[in-house]
Amino acid sequence: MPSGDESFRAMELELELPQPAPATPQPPYVPVLSEVIGGRSAAPVSPAPPAAAPVFDPRDALVRATTQAVLRTLGPEFEQRLAQAMSRALHEQLQGLHTRVRQTLAREVHAAVTAALKPPQPSSSNNTPSPRATV
């Protein structure tokens with residue numbers, strides 16, 4: 001199990017702010033049905049201007065640094081609480097599984113014992129002589 005510092009270094013990587021997607025070129029102009037009537041097409045509409053590049057906000061760096069500092073401070077306690085919560089949840093799941101397996105096993109054993117102790121059924125062909133055999 002990774003130590004608190006190792007797991008929070010990994011968590012810091014996950015907290016990186018998403019980088020803006022590179023500007024994609026506009027698709028070629030394709031008229032819509034309402035623009036094409038009876039073989040005539042309307043004048044093409046100029047494509048929308050490309051989206052402006054995102055502006056760097058210095059608060060993003062402050063938020064990132066503060067978040068990472070708080071996570072480092074809470075790291076060991078958070079890891080301990082997380083381990084305890086996972087242990088409790090796993091224990092509860094295993095208790096439910098244990099109960100279901102025990103009930104299934106009891107039903108199967110009961111069916112096997114019932115079948116083993118059931119008296120044999122008399123067969124009609126062995127006890128009753130056939131009419132042809134009496135001739």
Side-chain angles (χ1 to χ4, degrees):
M1 180 174 170
S3 71
D5 288 338
E6 292 172 5
S7 62
F8 279 96
R9 277 190 216 115
M11 191 178 290
E12 287 174 10
L13 295 175
E14 294 173 10
L15 290 174
E16 293 296 321
L17 294 176
Q19 298 299 321
T24 56
Q26 294 292 327
Y29 173 76
V30 177
V32 293
L33 182 59
S34 61
E35 294 174 341
V36 180
I37 302 172
R40 299 172 295 171
S41 68
V45 178
S46 62
V55 178
F56 174 74
D57 187 355
R59 290 178 293 183
D60 291 342
L62 177 63
V63 168
R64 182 182 309 148
T66 305
T67 300
Q68 291 174 354
V70 169
L71 288 174
R72 275 192 300 273
T73 302
L74 296 177
E77 182 180 347
F78 176 76
E79 286 293 324
Q80 181 182 8
R81 287 184 181 194
L82 179 62
Q84 289 172 348
M86 290 178 65
S87 178
R88 279 192 306 271
L90 186 58
H91 179 72
E92 290 170 4
Q93 290 292 321
L94 288 176
Q95 284 294 101
L97 176 64
H98 179 264
T99 301
R100 288 190 304 272
V101 168
R102 188 174 18 156
Q103 290 171 346
T104 301
L105 179 63
R107 280 193 303 270
E108 294 297 321
V109 169
H110 177 49
V113 169
T114 300
L117 295 178
K118 189 174 185 181
Q121 295 290 332
S123 173
S124 61
S125 62
N126 292 341
N127 296 339
T128 309
S130 68
R132 295 181 190 163
T134 57
V135 178

If hydrophobic clusters are built from ILVMFWY residues whose side chains come within less than 4.5 Å, do Leu105 and Val113 share one? yes
Out of curiosity, does Val70 fall in the hydrophobic cluster containing Val63 (side-chain heavy atoms, cut-off under 4.5 Å, transitive links)? no
Step by step, would you call Thr104 with Arg107 a side chain to side chain contact (heavy atoms under 4.5 Å, CB included)? CA-CA 5 Å; Thr104 301; Arg107 280 193 303 270; 3.3 Å; yes
Looking at Ala69, is its backbone amide N or carbonyl O close enough to the side chain of Thr73 to form a donor-acceptor pair, meaning the two atoms are under 3.5 Å apart? yes
Does a sphere of radius 6.0 Å around CD in Gln84 hold more than 12 heavy atoms from other residues, nucleotides or ligands, not counting ones at 6.0 Å or beyond? yes
Using side chain to side chain contact (heavy atoms under 4.5 Å, CB included), reason through Met86 and Leu82 one step at a time and then give a plain yes or no. CA-CA 6 Å; Met86 290 178 65; Leu82 179 62; 4.0 Å; yes
Would you compute the distance between atom [atom1] of [X] and atom [atom2] of [Y] and round it to the nearest 0.5 angstrom?
X	Y	atom1	atom2	answer
Arg72	Thr67	CZ	OG1	10.5 Å
Leu97	Arg102	CG	CZ	11.0 Å
Gln95	Arg100	CD	CZ	11.0 Å

Apply salt bridge (Lys or Arg N to Asp or Glu O under 4.0 Å) to Arg81 and Glu77, showing your working. CA-CA 6 Å; Arg81 287 184 181 194; Glu77 182 180 347; 2.8 Å; yes
